[in-house]
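Okay, so here's the structure we're looking at.
Labels below follow one simple rule: chain letters A, B, ... track the order of the sequence lines, proteins then strands, and each chain is numbered from 1. We use all heavy atoms of the structure for the numbers below, so side chains are in, but hydrogens, waters and symmetry mates are not.
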2 protein chains.
Amino acid sequence: MKKLRSIILFVAILLMMGTCLVSCATKVDDPLPSWNDGASKKSIVEFVKKVTTKGGPDFVPPAERVATFDNDGTLWSEQPMYFQLFFVMDRVKAMAPEHPEWKQKQPFKAALEGDIKAVMAGGEHALLELAMATHAGNTTEEFSQIVKDWLATAKHPKTGRPYTEMVFQPMLEVLAYLRANGFKTYITSGGGIEFMRPWAEKVYGIGPEQVIGSSIKTKFELRDGTPVLVRLPELNFLDDKAGKPVAINQHIGRRPIAAFGNSDGDLQMLQWTAAGEGLRFCLYVHHTDAKREWAYDRKSQIGKLDKGLDEAHEKGWTVVDMKNDWKVIYPFQMR
Amino acid sequence: MKKLRSIILFVAILLMMGTCLVSCATKVDDPLPSWNDGASKKSIVEFVKKVTTKGGPDFVPPAERVATFDNDGTLWSEQPMYFQLFFVMDRVKAMAPEHPEWKQKQPFKAALEGDIKAVMAGGEHALLELAMATHAGNTTEEFSQIVKDWLATAKHPKTGRPYTEMVFQPMLEVLAYLRANGFKTYITSGGGIEFMRPWAEKVYGIGPEQVIGSSIKTKFELRDGTPVLVRLPELNFLDDKAGKPVAINQHIGRRPIAAFGNSDGDLQMLQWTAAGEGLRFCLYVHHTDAKREWAYDRKSQIGKLDKGLDEAHEKGWTVVDMKNDWKVIYPFQMR
């Protein structure tokens, strides 16, 4: 009996050690634990290994390791509409007492009634009008605080979660993995630059100097001797489609060696990235998971991926199949 | 005799060791060897020590250590005119065969004749016209190459030196000192962003993503399937005076804790910097050295420092007396 006990104990210890070794090794070796093994994950890891291998044919010096990421639909969800539009609609409601005329006036009426479809039906012009009314007229510091205050209480209508919890765990891992390998990670979003900066550092580890987005004009003013930047109701730059490479050049002045998007709005950024000399990496997140997130592509009003999907297949870019490539979608699903 | 020799040898060795110790200690301890001891040097060193002292009342986390530098007159010379204007005039000459009409047309005629005064007399409008004609119509990559080619051969009319050798050694030391203390150093110049980027990394150690300047608009195009950014003859942003804080906010999204300039064109940047919470550092380079560089301030057409000088004295900002504060001006004077 004593011998048997000893043998069992010995085997148990061996098993425990084995388990520990395996799990420790997994944790250490796998920079992308929320990604299922497969072509997508492999393509990311192989690219990073190649550009960081000193003396290798594809080595890229750290200063040139620039990776750009779209935000809506690439780093966080974007359905049933861009999250910034929820902010816009909540701002319209909050500001409505000062604007009694909005009750009768579109697109404000639709926003006040929470009628997403009617707001969207107004097209780009209506969205721009809403954006100007809700994003301008304050200072940069005031606006930053308004965004922070909103995020602290706002909840997504479907998940009931704060918007900043609806970020993609697998993409957070890609961001961290790239930075651990000497990359600078940038956001290049059609969303507002000053809407993202107040939280991008905490949520994505991306500081404001690496956030690029659409913007309105600002004006320097001395108010009682104190300098402020006042936000004006005038579009400065629309960081979408052909605007993305323009903004990347303006802000970074280097061509990315890796770019990540999810819609046709990112296509020019991916083309610009792919056309550089040396090894390049382009990735599309394809929303294929109707159960855990949303499934949409060629015919979606938000985040349409049509031409881009064809070009990705044609050029051999990585197309992430969200449903099959990702073990989890959101960080809160890991708890 | 033998004993005496031994003593002499011993003393000699001691002296050598002493010399070495002193010189090594000087090199290690003094991050700003080209600065004479005095209030200016002291103010820089004390500021850096305070914001980097962990647990101290003025500590600033590394991510917030942003320092912005004007270029013309702050990091390199700017007389008898901004160096970029020499580039413009040389470009007009190089492009003249394709533009026979320029011989009769101002401001091109003045530029072709090398008449700096006549070019300057045309004011901002004339300069803008020359800039558009010489800076647009090519791709970003073509323009970058044109700048590099020009710098490789162009010489300053007074010193006969390449323009990139006419940078201020004491300021190079400030840049390196700040970076060694966890700062991010940015250029914020009225000069062209794409004119500075091709050489700022090599000369100042400042990569393109940390160069901010004036710009013209660019447009994304597919040329035979290859994406290019075409430079358009349309002003995008003038990064001067009240434009500097606007551009700093747009590019960096953090308020600098230290700012360096030399003219009234930098005043708003210094005001914006000084008005932030916590310890701030503002510095004006005052051109007081007619012998080794140039002496000019309140009445100069280029780099006028008038209101800024008053405000600097009033607010206790550091005003560098070039003649007395700097041991050398240019790196080539050290050889």
Side chain, backbone, both or neither: which part of [X] has a non-hydrogen atom closer than 4.5 Å to chain B?
X      : value
A/K217 : neither
A/F237 : neither
A/T218 : both
A/I193 : side chain

Can you tell me which of B/K244, B/E221, B/Q210, B/E201 forms the most heavy-atom pairs within a distance under 4.5 Å of chain A? B/E201
Could you tell me the separation between the [atom1] atom of [X] and the [atom2] atom of [Y], rounded to the nearest 0.5 Å?
X      : Y      : atom1 : atom2 : answer
B/R254 : A/R197 : CZ    : CZ    : 9.5 Å
A/I212 : B/H251 : CD1   : NE2   : 9.0 Å
B/N249 : A/T139 : CG    : OG1   : 10.0 Å

Could you go through the side chain to side chain contact (heavy atoms under 4.5 Å, CB included) check for B/E209 and A/E209 one step at a time? CA-CA 9 Å; B/E209 66 278 3; A/E209 65 278 4; over 6 Å; no
Are more than 12 heavy atoms from other residues, nucleotides or ligands located less than 6.0 Å from atom NZ of A/K315?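 Count over threshold, so yes.
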Passes side chain to side chain contact (heavy atoms under 4.5 Å, CB included), A/W272 versus B/L229? Steps please. CA-CA 9 Å; A/W272 176 244; B/L229 290 173; 3.7 Å; yes
Does the pair B/N236 and A/Q250 meet the rule for a side chain to side chain contact (heavy atoms under 4.5 Å, CB included), with working shown? CA-CA 10 Å; B/N236 179 55; A/Q250 177 72 7; 3.8 Å; yes
Toward chain A, the part of B/V228 with a non-hydrogen atom under 4.5 Å: backbone
Let me know if B/A63 has heavy atoms under 4.5 Å from chain A in its side chain, its backbone, both or neither.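 Contact with chain A is through the side chain of B/A63 alone.
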Full working for side chain to side chain contact (heavy atoms under 4.5 Å, CB included) between A/F220 and B/Q271: CA-CA 11 Å; A/F220 178 86; B/Q271 289 172 334; 3.7 Å; yes
Select, from A/G253, A/G225, A/A274, A/G243, the one with the greatest count of heavy-atom pairs under 4.5 Å involving chain B.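 With the most close heavy-atom pairs to chain B, the winner is A/G253.
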Looking only at heavy atoms, what is the nearest atom pair of A/P227 and B/A275, with distance?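 Answer, listing the atom of A/P227 first, then B/A275: CD-CB, 3.4 Å.
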